[in-house]
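Since we're looking at a predicted model, the values are computed, not measured. Every number for a ligand or one of its atoms is a count from 1 in the order of the listing.
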Amino acid sequence: MNEKRKMRVATCSLAGCFGCHMSLLDIDEKLFDLLEMIEFDRTPFTDIKHCGPCDIGIVEGGVSNAENARVLKEFRDNCRILVAIGACAIDGNVPALRNNIDLWDCFQEVYLYEGGLEGNQIPNDPELPLPFDKVYPIYEVVKVDYFLPGCPPSADTIWKFLNDLIAGREPKVSYEMLRYD
Ligand code: SF4
């Protein structure tokens, strides 16, 4: 007997705080229902290192450095539907407050002038991803199919949104469910 194929879902946090992922986990016991309908690809919940072919990719956080951009492009290349979840992915949010400050001034303030640091120097190991001059919303780097606002979106909102997507419906969340804070 053919079992219905489960949707494959990947998630990632770029310049985010993992709060949107915590809100997803806040659906609590409905996680069991979710796992009846989907299987996870690369997410912070699994040990999969790279995003493979997926039905849905959920991206938290804006793009603040070269590694963020690499991961985001990998998601876009592999996910049929790409979702920007939370204010950071949608418009940069709080991390983008640094957009008004010169990056070099920022680094000097944090790594050279901050009290209590030993051997003050700006990190320069080539393994570290190069920061971008600004924090970018993800739509400025790749095409985005859906935006789910909130900082974070509530668990109920994420649940309703995912249910619609998984069922192949155009996602609809009520006015009461939409928030930007
Ligand atoms: S939108 Fe809010 S909760 Fe989500 S990653 Fe950004 S700061 Fe965290």
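Y175 shares a hydrophobic cluster with no other residue; no ILVMFWY side chain has heavy atoms under 4.5 Å from its own.
Inside a sphere of radius 2.8 Å centred on atom 2 (Fe) of ligand 1, the protein N/O/S atoms present are C151 SG.
Salt bridge absent: D28 and K30 never bring a charged side-chain N and a carboxylate O closer than 4.0 Å.
Judged as a side-chain hydrogen bond (donor to acceptor under 3.5 Å, both in side chains), and not counting sequence neighbours, T46 has no contacts. Legend: residues meeting side-chain hydrogen bond (donor to acceptor under 3.5 Å, both in side chains) with D102, ordered by chain and number and at least two apart, are absent.
Put simply, the side chain of E67 never gets that close to the backbone of P129: no donor and acceptor are under 3.5 Å apart.
Ring pair Y136/F132 is perpendicular by interplanar angle, where above 60° counts as perpendicular and below 30° as parallel.
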